[in-house]
Student: 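I am attaching a structure below and will ask some questions about it afterwards.
Keep in mind that what you see is a predicted model, and the values were worked out from it rather than measured. The sequence lines fix the lettering, A, B, ..., with proteins before strands; numbering per chain opens at 1.
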2 protein chains.
Amino acid sequence: MITIAVDAMGGDNAPAPEVHGAVRAAQNQDVNVILVGREEALKSELSKHSGWKKLPIRIVNANDVVTMEDNPAKALRTKRDSSIRVAVRLVRDGEADGVVSAGNTGAVMALAKTVLGMIPGVDRPALASAFPTIKGRPAVMVDVGANVDSSAQMLAQFAVMGDIYTRLVFHTESPRVGILSIGEEEHKGNELTKTAATLLKTLPLNFIGNVEGRDLYTGLADVIVCDGFIGNVALKVSEGLVEVIKHMLKESLESSLTSKLGYLLSRDAYKDFRKRMDYSEYGGAPLLGVKGVVIICHGRSNDNAIRNAIRVAVESATEHVNDRIESEIHRWHDENGGAAGA
Amino acid sequence: MITIAVDAMGGDNAPAPEVHGAVRAAQNQDVNVILVGREEALKSELSKHSGWKKLPIRIVNANDVVTMEDNPAKALRTKRDSSIRVAVRLVRDGEADGVVSAGNTGAVMALAKTVLGMIPGVDRPALASAFPTIKGRPAVMVDVGANVDSSAQMLAQFAVMGDIYTRLVFHTESPRVGILSIGEEEHKGNELTKTAATLLKTLPLNFIGNVEGRDLYTGLADVIVCDGFIGNVALKVSEGLVEVIKHMLKESLESSLTSKLGYLLSRDAYKDFRKRMDYSEYGGAPLLGVKGVVIICHGRSNDNAIRNAIRVAVESATEHVNDRIESEIHRWHDENGGAAGA
């Protein structure tokens, strides 16, 4: 059975969502969970579930916590007994098959890279994010924030990793891979995207060329490749807009008695709509390219998000995503005489 | 009185929206409108309004049209009697104070730059886009697609132009100017945004540092500066998401009889909501930096969008936006001994 370590102290509301998400996962999934953090705090939270001791959950103590304000490089050097570091070490040492954290993203990425190391042939790790599309199945965008000023070669590696992740975890056949650009025509884009397109054409991928920002949610592409700066902006703009729309919709609906009544009657439809727009359903963002399954969640993650992140971590481990990435990158490297990766 | 030339043939549904938008503007605003395009087609469309001849509308004939598929550089060289070219020439020759077009954006920009010329000291024109914020007043993003691979100096010029536009056309006092980045902290961003930030600090602007994608719609900044590639992606992602949300909401609401009933009762609230999210209310995207008022609208613009674009063109001309841009750029240039602009 798969074991997943959960950094139980990193998120904004830790350890409650982490603990309750872990309990739900342990109850409903085939998984062992290791909760990493201050033992007393974790026991206290766990005791809210009467039968918790019967579940496949154990605690590993860690006294320190990397906060959201901590500088990642500094946290890497100083906080050696932080919950996230201890959790990542469990993966390195084979005691866990993957790690989930809702903590300081920069710190998680720096730690994962340093403690777990890179998959041979992958230059830099990339953060992938799944989101809903009109087609009903998720699309994955890579990179959404691990790197800025990426090279075309990095984008090509993002494509290979994103393709594998989407196939194995979302079971999408022959994922359509696109480069995020400013027009569908080949001549549209910047230096980076045009060079990356040339490279992607040489790969054994279902490469469909450029996709526009407008197509993110239409499901035109299953994997959308971009530099981390653009990906992060695209993601955050979307999140901000969803919040604003919910707010405006609520305001509009509360503006009169008839519309309030109308709202009451459509309440289920709203619930359904909000659920479909709920990022927490998609299970967090995997960090691709490191030698271990690492899923990074929003600091604001609720227990549902944690539960889903554990599910995605289990799937990634079960499907040996990292082994596949390693062999694909290696194969490409061989075929291209070193053009593909270091 | 201000005269605005309207390229009546460029949009997806031309000339109907252009003509009807022009009629509405001529009826309700203090403006002379020149409709540019195939005279017969325009007269035919205009005749749907019985009293049109009493309105301050005249037609200038142009036999050719730049289509959405035309390569901008080629259209610039070959289609010398296109409606957009003729319309832009009217501005160059002083017969019109501004031009509105829903045509091929690349072609409009190329023509404006070539026929009108650049404001001295401005390296490249930039496309600005206004959008709604939770605060109730619009924010403006510059550049949303005129340039890719911008320099830090260009971003600084976008900031100066965006600040002036926002002050004069939206009457925002001391607009808060931010750089679109991937975190609020100064150290977050890429090479370009970090260098641009250093430059922006030296300008007489209310510069608030980095803004994240999430803050676009919160009104944290009134002017958001970025390279055209990022701006275009941010804009298109937003548009795509709004469409998907409308679609999903509709689906959710139509899913049962009770929710349909609920929808009927909240119909006014929906109308209100949809109106607030309606890009056409904000009047198109001004091309800043050329010697003339140029407003570029979506190809899909309806008559409301055209009418609003005319309104914004009138405001830009009335407030002498371009003169102010010229003097601000010049002043900055003098103060910085040439560091600011060519």
Side-chain angles (χ1 to χ4, degrees), chain A residues 71 132-134 145 148-149 180-183 187 189-193 212-218 226-230 232-245 247-249 251-256 258-273 276-277, chain B residues 71 132-134 145 148-149 180-183 187 189-193 212-218 226-230 232-245 247-249 251-256 258-273 276-277:
Chain A
N71 173 281
T133 69
I134 241 176
V148 299
D149 295 322
L180 184 56
S181 191
I182 54 171
H187 66 270
N190 59 15
E191 265 314 300
L192 174 66
T193 63
E212 284 192 296
R214 198 177 289 150
D215 291 314
L216 236 57
Y217 298 97
T218 61
C226 57
D227 167 62
F229 188 97
I230 319 275
N232 192 271
V233 167
L235 197 71
K236 297 256 172 87
V237 162
S238 303
E239 287 175 9
L241 189 52
V242 167
E243 283 312 305
V244 164
I245 285 175
H247 176 95
M248 284 170 71
L249 198 49
E251 264 190 3
S252 298
L253 283 162
E254 284 174 357
S255 58
S256 78
T258 353
S259 57
K260 273 189 194 147
L261 177 59
Y263 171 62
L264 280 175
L265 290 174
S266 354
R267 219 173 9 179
D268 280 350
Y270 276 108
K271 265 184 84 170
D272 173 55
F273 166 70
R276 291 171 81 182
M277 293 306 308
Chain B
N71 174 280
T133 70
I134 242 176
V148 300
D149 296 321
L180 184 56
S181 191
I182 55 171
H187 67 271
N190 59 17
E191 265 313 299
L192 174 64
T193 62
E212 285 191 296
R214 198 177 289 151
D215 291 316
L216 236 57
Y217 298 97
T218 62
C226 59
D227 166 63
F229 188 97
I230 321 271
N232 191 270
V233 167
L235 197 71
K236 297 258 172 86
V237 162
S238 302
E239 287 175 7
L241 189 52
V242 168
E243 282 313 302
V244 163
I245 286 176
H247 176 96
M248 283 171 70
L249 198 50
E251 265 189 1
S252 298
L253 284 163
E254 284 173 356
S255 59
S256 78
T258 353
S259 57
K260 273 189 193 142
L261 177 58
Y263 171 61
L264 280 174
L265 289 175
S266 355
R267 218 172 11 179
D268 281 348
Y270 276 107
K271 263 184 86 173
D272 174 55
F273 166 71
R276 290 171 81 182
M277 294 305 310

Student: Can you tell which part of B/Leu216 gets under 4.5 Å to a heavy atom of chain A, answering side chain, backbone, both or neither?
Tutor: side chain
Student: Measuring from atom OG1 of A/Thr218 to atom CD of B/Glu243, what distance do you get when rounded to the nearest 0.5 angstrom?
Tutor: 11.5 Å
Student: Counting heavy-atom pairs under 4.5 Å with chain A, which one of B/Gly145, B/Gly189, B/Gly228 comes out on top?
Tutor: B/Gly189
Student: What part of A/Thr193 gets closer than 4.5 Å to chain B, counting heavy atoms only: side chain, backbone, both or neither?
Tutor: side chain
Student: If you apply the rule side chain to side chain contact (heavy atoms under 4.5 Å, CB included), what do you find for B/Val233 with A/Leu180, and how did you get there?
Tutor: CA-CA 8 Å; B/Val233 167; A/Leu180 184 56; 3.9 Å; yes
Student: For each of A/Cys226, A/Gly183, A/Ala234, A/Ser181, tally heavy-atom pairs with chain B at distances under 4.5 Å, and name the one with the top tally.
Tutor: A/Ser181
Student: Drop me the distance from A/His187's NE2 to B/Asn71's CG, to the nearest 0.5 angstrom.
Tutor: 6.0 Å
Student: Calculate, to the nearest 0.5 Å, the distance between atoms CG and CG belonging to B/Leu192 and A/Asp149 respectively.
Tutor: 8.5 Å
Student: Grab the two heavy atoms, one from B/Val237 and one from A/Ser238, that are nearest each other, plus how far apart they are.
Tutor: CG1-OG, 3.3 Å
Student: So, for B/Lys236 and A/Ile182, which heavy atoms are closest and what is the spacing to 0.1 Å?
Tutor: NZ-O, 4.3 Å
Student: Determine yes or no for a side-chain-to-main-chain donor-acceptor pair under 3.5 angstrom, with A/Asn190 supplying the side chain and B/Phe229 the backbone.
Tutor: no
